[in-house]
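Written out below as structure tokens is the structure these notes cover.
Chain naming here is simple, since letters A, B, ... match the order of the sequence lines and numbering starts at 1 in each.
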2 protein chains.
Amino acid sequence: VREHLPVPVSWRNGAVRVLDQRALPHTVKYVECRTVDEVCNAITSLAVRGAPAIGAAGAYGVALAAAQTSSSASVHAAAARLERARPTAVNLAWAVRRTLDAYDEGGADGALDAADAIAADDVAANEAIGRNGLTVIPEHDGGARVLTHCNAGHLATAGYGTAIGVIRAGYDAGRVQHVWIDETRPVLQGARLTAWELHELGIPSTLVVDAAAASLMAAGDVDMVVVGADRIAANGDTANKIGTYGLAVLAKHHDIPFVVAAPWSTVDLATPDGRAITVETRDPDEVTHVGGTRVAPNGVAAHNPAFDVTPAALISAIVTEHGVARRPLAKSLPALARR
Amino acid sequence: VREHLPVPVSWRNGAVRVLDQRALPHTVKYVECRTVDEVCNAITSLAVRGAPAIGAAGAYGVALAAAQTSSSASVHAAAARLERARPTAVNLAWAVRRTLDAYDEGGADGALDAADAIAADDVAANEAIGRNGLTVIPEHDGGARVLTHCNAGHLATAGYGTAIGVIRAGYDAGRVQHVWIDETRPVLQGARLTAWELHELGIPSTLVVDAAAASLMAAGDVDMVVVGADRIAANGDTANKIGTYGLAVLAKHHDIPFVVAAPWSTVDLATPDGRAITVETRDPDEVTHVGGTRVAPNGVAAHNPAFDVTPAALISAIVTEHGVARRPLAKSLPALARR
């Protein structure tokens, strides 16, 4: 069992270093981004993915621009490019703007300090999310059986993880015994990343295809669903990896708690509800191909929405570093902002 | 557009010929089974799959045994092996027993006549299912948008298809305009087979990952779900490809008709309800690998149930060649047997 997982995003020798998540689980290697365009490309190509992790990458991207030019206009233009690299996760825009504000006040040193703080704060927030999450894990003999989708783990953040943070804290406290991992087509973040992470951490887990979740619930083998988030609107509506919404409907049908775990940087109080969230549509080749191999016949159309929106009414609780928001989320979530 | 799709199962030159569905969509080739073991292997390895198609393959397997030996005990032993090749679809046991009865009465000629009749009857039944299915397609401007899972088409039967039979008849009648195809992990029958079939037939369709179905429903883009079946219990509970049950829950949540289409040979009045249906668990490698390539890390456990069971209460209608059973299915389904 590995004690320390590799650092997903960091500043190394004047460059932004990201763990190349496209190469996992077979190879642990890094992409060194020496220009802002290389940072943008690492984000759009999913070398780095996960809302908090792309936030950290965006922040270091601003610091990189600030280190390379004395033109404030160039740094602002670079920040605008970084902010647009992916549309759905609000953490990216939040982190880029916070780093840009620090640059405006304190120059290149201020920007790098801000990016370092964003990364360090994210790890601390995730550890707090793990502790706060203990209160939402249902009682079950021997520990709860938890299902998760995509990867909201160490790899998706600056470290430790959000949904997997709750699982890690729960496992360490003897409150979680086993994890069902949705493989999460099309990019297979569950099969490639979450399975790897939990295996490295020594947490018992079993991989299933996404379509198997319903029958596990019907069999009584799932005590809780926990997922991360890419953007949480003011009323609690939550954008997350495609398939999350279906899991929430299934959890409601089977009377299973459905929990979202995310740092406060994912909450976007300026977005009133889910209808205002832009859902990214990605290349259809992600659906027609698997691992570079074409599986569907030539000439067949595919539709590839990367995210869906789960209405607040289907969410049992949102766990943040500031505490746990419970239903009705439209009241409890903004109240957490005051802490 | 191809008028005639290749024949999935047939008797050719004293052998059982099956279209090799593992090679689709890239290659159209056949497996010639010259022994009963080769027929069993074609069934277990999914060279031939789909409940009615493996029924026809099992029937021709008995005819093959009968043609190759004068020992009645050997033919009965071969039938027992064929019947056990896969456990969930009842059509296999039904077709093997019917052909064995014909053998006991009429020898090798009787067995081959029975197998030919099973195949021909299946095509006629599917065409009748298509006609009967027109009554369950909802009205929608320009035709209904239909979602299907797995492949319950020409390839899954002796010809024409069951769920896709309803879609074909509906499209020909101007009642269906577009089909959403679930890719259907782990074996990707949707991406490889249904996408190929509908493309060959010129029916407009779009491929999505299984986890995208819920958001299509939420967006109002799905008017009906139609699937096939591997075994239908007397009360209407239906075993079908893993993921079917989840779609039925989602359809109910979104108030979308959920329709099962299957020939009467799939109905098993001897099985009282879904709890009595054996669900096959297949090799975890189907989950950890895609197209021969390992996607999950070494040492990770996977669970691979091939089917799930949808309770009758979630099924709007079951379309058979004898007519349409509507809720309550526990009454209407056995009533169809009398026709």
Side-chain angles (χ1 to χ4, degrees), chain A residues 24-26 149 180-186 188 191-192 195-196 198-200 204-216 218 241-250 252-254 279 284 286-288 290-305 307-309, chain B residues 24-26 149 180-186 188 191-192 195-196 198-200 204-216 218 241-250 252-254 279 284 286-288 290-305 307-309:
Chain A
L24 286 172
H26 304 305
H149 190 69
W180 296 108
I181 306 169
D182 269 6
E183 64 171 5
T184 318
R185 278 281 287 151
L188 295 168
R192 296 189 302 107
W196 179 80
L198 294 179
H199 191 63
E200 294 287 312
S205 58
T206 303
L207 181 66
V208 291
V209 299
D210 304 320
S215 62
L216 296 175
K241 180 59 54 209
I242 188 77
T244 300
Y245 166 61
L247 283 176
V249 173
L250 292 169
K252 186 190 177 191
H253 183 82
H254 296 92
V279 168
E286 289 182 353
V287 178
T288 55
V290 183
T293 305
R294 184 168 195 101
V295 291
N298 288 316
V300 166
H303 176 52
N304 186 20
F307 304 95
D308 57 27
V309 177
Chain B
L24 286 172
H26 305 305
H149 190 70
W180 296 108
I181 305 170
D182 269 5
E183 66 171 3
T184 318
R185 277 281 289 153
L188 295 168
R192 297 189 303 106
W196 180 80
L198 294 179
H199 191 66
E200 295 286 311
S205 58
T206 303
L207 182 65
V208 291
V209 298
D210 303 320
S215 61
L216 295 175
K241 180 59 53 207
I242 189 75
T244 301
Y245 166 61
L247 284 176
V249 172
L250 292 169
K252 186 189 176 192
H253 182 83
H254 296 91
V279 168
E286 289 182 353
V287 177
T288 54
V290 182
T293 304
R294 183 166 196 104
V295 290
N298 288 317
V300 166
H303 175 53
N304 186 20
F307 305 95
D308 57 26
V309 176

Comparing A:Ala302, A:Gly246, A:Pro186 against chain B, the one with the most heavy-atom pairs below 4.5 Å turns out to be A:Ala302

If you take all heavy atoms of B:Ala213 and B:Asp182, which pair is closest and at what distance? CB-OD1, 4.0 Å

Who among B:Arg294, B:Arg185, B:His253 has the most heavy-atom pairs with chain A under 4.5 Å? B:Arg185

Interface moiety of B:Ile242 toward chain A, non-hydrogen atoms closer than 4.5 Å: both

Which answer fits B:His26, side chain, backbone, both or neither, if we ask what part of it has an atom under 4.5 Å from a heavy atom of chain A? side chain

Under 4.5 Å heavy-atom distance to chain A, tell me which part of B:Leu198 shows up: side chain, backbone, both or neither. neither

Determine whether a donor-acceptor pair (N or O, by modelled atom type, separation under 3.5 Å) exists between the side chain of A:Asp308 and the backbone of A:Tyr245. yes

Does B:His254 use its side chain to pair, donor to acceptor, with the backbone of B:Leu250 at less than 3.5 Å? yes

Most contact-rich option vs chain B, by heavy-atom pairs under 4.5 angstrom, among A:Asn298, A:Val249, A:Thr293, is A:Val249

Select one option (side chain, backbone, both, neither) describing which atoms of A:Ser205 are under 4.5 Å from chain B's heavy atoms. backbone

Top contributor to chain B interface from A:Val208, A:Val290, A:Asp210, A:Val295 [non-hydrogen pairs under 4.5 Å]: A:Val295

Out of curiosity, B:Ile181 CD1 to B:Arg192 CZ, how far, rounded to the nearest 0.5 Å? 13.0 Å

Under 4.5 Å heavy-atom distance to chain B, tell me which part of A:Leu247 shows up: side chain, backbone, both or neither. neither

Shortest non-hydrogen contact between A:Phe307 and A:Lys241, atoms and distance: CD2-N, 3.8 Å

Note: vs chain A, highest number of non-hydrogen pairs under 4.5 angstrom among B:Gly243, B:Ala214, B:Pro297, B:Gly299 is B:Pro297

Here the pair of heavy atoms bringing B:Leu207 nearest to A:Ala296 is CD2-CB, 3.7 Å

